Each structure stands twice: as C-alpha cells, then as structure tokens.
Amino acid sequence: MEHSIAADLLAWYDRAARTLPWRAPPGAAPPDPYRVWLSEVMLQQTTTVHAAPYYARFLALWPTVEALAAAPEAAVMAEWAGLGYYARARNLIACARAVAERGGFPDTEAELRELPGLGAYTAAAVAAIAFGRPAAAIDANVERVVARLFAIEEPLPAARKAIRAATEAIVPPARPGDFAQAMMDLGATVCTPRSPKCLLCPLSTHCRGRLTGDPARLPIKAPKKLRPLRAGTAFWIEKDGAVWLVRRAGKGMLGGMRALPDDGWSARADGSGEAPISGAWRAGGLVRHTFTHFDLELGVALYAGERWDDLGEGEWWPADEIEAAGLPTLFAKAARLAIL
DNA sequence: TTCCTGAAAA
DNA sequence: TTTTCAGGAA
C-alpha cells in the first residue's frame, strides 16, 4: 500500500518534473554535490524564481566549492545582496571553507548536518539528491503534502513529529533523490497552499485529506502574532559624487552587509534620530519595509552641510554606481529615494 | 526567538 | 494601493 505512493509519485515526476537550473532530469545521474548544496541553501526561505539568477551568477563566479572557499568574504556578501537572510551567506562561506578543508562534501545525512547552514531539511535534501541516500527531506511543501495525504489534523508546529514519521514511511529505497524533488514539485505546482489541483494529483487516490472534503485547510497552523512598527533614520552623505557607506556588524540584522549609516533602529526599539555628523539635513522621504518580526518606517536624511571629517569607519562609494555596492533591499530603496 | 524579500491576494 | 503569505537555520 505505502510503497505505491512513491511509485505513483515517481511515475508522475518522470513526465511532469520541473526543469530547474540546478537539477538533473528524472532518472539521470545526480548533479555535482556543490551545485545541489548551493541551490538548496539559496532555496531556504526563497522561491525558485528569485533564487535562479543568483545561482547562475554564483556558479559563473565560483564554479567549485574550492573557488568559493577562496573568495573574498565581501565579494560573496555583495553577490548575495537582495536574497535576504544574510546569515545564510555567512554560513555559506564558512561551509565552503570547511568542505574545501576536508577535501569534499561528506556523503551521509548525519555528517552533512554538522556543516554550518545545513539544518535537518538541507542535510537530508543534499544526502538524497546528491548521494542517493534514503533521507526524508521535509520542507514546507512536503509538510503540506504529507499533512493532507494522511489528514493530520494536529496544528503546526506540534504536528512535525507525526509528519516526519509519515514521510519516513513513504521514502523509497530506490530513487530517494527524485522522490524528494517530486514531493517538492507536487507541493509547488499541484498540492498548493490555497487551491490544490486535486484533479491533477497523482496521489489523489491515496489522499485522506481529500476524503474530508476540504484538503486546503491542512496543515492547520498556529495563529501568528502581529508585528510592531518601528521608526528609524538612514543618512545619505554625499561629497563630490560619492556616498558614505558603512559595513554592518557581523551578526544580527543585515549582518556583514554594506549599508547606509543609520541611527541604530532595531526590532525592539526606534532609532535615536541622531546623525553621525553635525550640520544641516533635509528630508529625503520615507521607506516602508517589512521584516519577519517588525515593520520599519525608515526616514532618509540628506546631508546639506560641508564638513565630512569625523565620519569614522566606512568608505566613499560612487553615487552613480550604487547598484553595484551590494546593498540589502532596505538600503537600496533608501538610496533610490536619495538619488531622485 | 531572530533573521528578509517579492509575489499574490485583498 | 496595502496586507498577507511563502519559505529553514541557529
């Protein structure tokens, strides 16, 4: 009974698999582990459409894990700009260096799990896709598919144990990598969050959620809490066509990224409003930006004074090449306002 | 609990 | 236009 779920899913995958830049066709030899790992890290909390151009650029710049390990940190962070969750980029570098050091990727789920930036999901995905291990790669797509398939009524996150057990029971010994990718494709294209296309689903005859009449309500999620609104200011300081940029602290919000100087706003408190240098300022507009756990209203202040000493650590960057600075989206928005 | 962003829905 | 939502690691 259970084994036919995998068989039906794989038969569907053989004709309906999405073609993605990092993926081997169904049944083909697995791609280079480096490519599998790079794509999976980029796909953490990120859609395939958004990640694809980043994947192509990274691969062109750094075709091997050794090349990435040898890359300057600042260059990697700048290439990551706009993808979000910048701890992933810091972990990417640390992981590349660890892997280069030990002479290649380990080929078991447990060893992969030890590397920086590889949690339960990514370790299982790389083990299955790159090394053919029968590991259960459970991302949000798989969670949704399995919760519906077995009509798991318990709300998330408590349901994770039951979902894991159910998933492990249907992972096939043959083609576990294709199985993992098929589950993700099914979740992304058929068993979608809002209006699942049950009529097109290769698993509809197995699906107990469908018998309840309304599979779309699964998985049940715990209610989310509302986001506070914070206020802050970013400072645009220009001199002879160049802008003053700083490097943010290595950890925390937008950690390690190039940025405009600001007044210290955070998730927990508004900024002080204090400018990094004294002199006249004029208003450059307001940027609204939403983070996971708070909304931010960032005022942009434009320097109108004429004393540029006492700026501290930072660098002058040509204002007309600000796109190339690798600013995270929040500051890219602020820069766009300032340049108008 | 702390980390971002862009697409989709309202 | 504004709001909601999708998507894992530490």
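In the text below, chain A, chain B and the rest are named by the order of the sequence lines, each starting its count at 1. All values below were derived from every heavy atom in this structure, side-chain atoms included, with hydrogens, water molecules and symmetry-related copies excluded. These numbers come from a predicted model, not from an experiment.
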Take atom CZ of F331(A) and atom C1' of dT5(B), then tell me their distance rounded to the nearest Å.
-> 15 Å
Side-chain heavy-atom pair R88(A), N91(A) within 4.5 angstrom cut-off | no
Separation of atom CE in M184(A) from atom P in dA6(C), rounded to whole Å | 18 Å
Would you indicate, yes or no, if dC4(B) has its OP1 or OP2 atom less than 4.0 angstrom from a side-chain nitrogen or oxygen of H289(A)?
-> no
For the side chain of N91(A), counting heavy atoms from C-beta on, which of dC4(B), dA10(C), dC3(B) is nearest?
-> dA10(C)
Would you classify K221(A) as touching base, sugar-phosphate or nothing, given that sugar-phosphate means primed atoms plus P, OP1 and OP2, and contacts are heavy atoms under 4.0 Å?
-> sugar-phosphate
note: D139(A), atom CG; dA6(C), atom C1'; distance rounded to Å ~ 11 Å
Base, sugar-phosphate, or nothing: which does F291(A) touch, judged by heavy atoms less than 4.0 Å apart?
-> base
When only distance counts, do a donor and an acceptor, one from the side chain of T292(A) and one from the base of dC4(B), lie under 3.5 Å apart?
-> yes
State which of dG8(C), dT5(B), dA10(C) makes the closest approach to the side chain of Y86(A).
-> dT5(B)
Taking only the side-chain heavy atoms of P193(A) (C-beta and beyond), determine which of dA6(C), dC4(B), dT2(B) contains the nearest atom.
-> dA6(C)
Is Q44(A) touching bases, backbone alone, or none of the nucleic acid, heavy atoms closer than 4.0 Å?
-> sugar-phosphate
Are the side chain of T46(A) and the backbone N or O of Q44(A) linked by a donor-acceptor pair below 3.5 Å?
-> yes
Rounded to whole Å, the CG-P distance (L296(A) to dT5(B)) equals 11 Å
Does a side-chain heavy-atom distance below 4.5 Å link R97(A) with V65(A)?
-> no
Distance below 4.0 Å between R113(A) side-chain N/O and dA9(C) OP1 or OP2 = no
With a 4.0 Å cut-off on heavy atoms, is R160(A) in touch with a base, just the backbone sugar-phosphate, or nothing at all?
-> nothing
Pairwise 5' ranking along DNA chain B for L327(A) and R268(A), keeping only the more 5' one = R268(A)
Which nucleotide in dT2(B), dC4(B), dG7(C) has an atom nearest any side-chain atom of N141(A) | dG7(C)
Return the orientation label for the Y303(A) and W308(A) ring planes: parallel under 30°, perpendicular over 60°, tilted otherwise.
-> perpendicular
With a 4.5 Å heavy-atom cut-off, do W37(A) and F105(A) have their side chains touching?
-> yes
Please check the phosphate of dG6(B) (OP1 and OP2 only) for any side-chain N or O of T329(A) closer than 4.0 Å.
-> yes
Whole angstrom is fine here: how far is it from CD in E143(A) over to C1' in dG7(C)?
-> 10 Å
Check every strand shown and say whether R288(A) touches a base, only sugar-phosphate, or nothing at a heavy-atom separation below 4.0 Å.
-> nothing
So, is H293(A) near the phosphate of dC3(B), with a side-chain N or O under 4.0 Å from OP1 or OP2?
-> yes
Please report, rounded to the nearest Å, how far the P atom of dC3(B) is from the CZ atom of R227(A).
-> 15 Å
In whole angstroms, how far is the P atom of dC4(B) from the CE atom of M257(A)?
-> 9 Å
Hey, would you say the F291(A) and F294(A) ring centroids sit under 6.0 Å apart?
-> yes
Give T47(A) one of three labels, base, sugar-phosphate or nothing, depending on what nucleic acid heavy atoms sit under 4.0 Å from its own.
-> nothing
Just how far, in rounded Å, is C1' of dG7(C) from CZ of R88(A)?
-> 9 Å
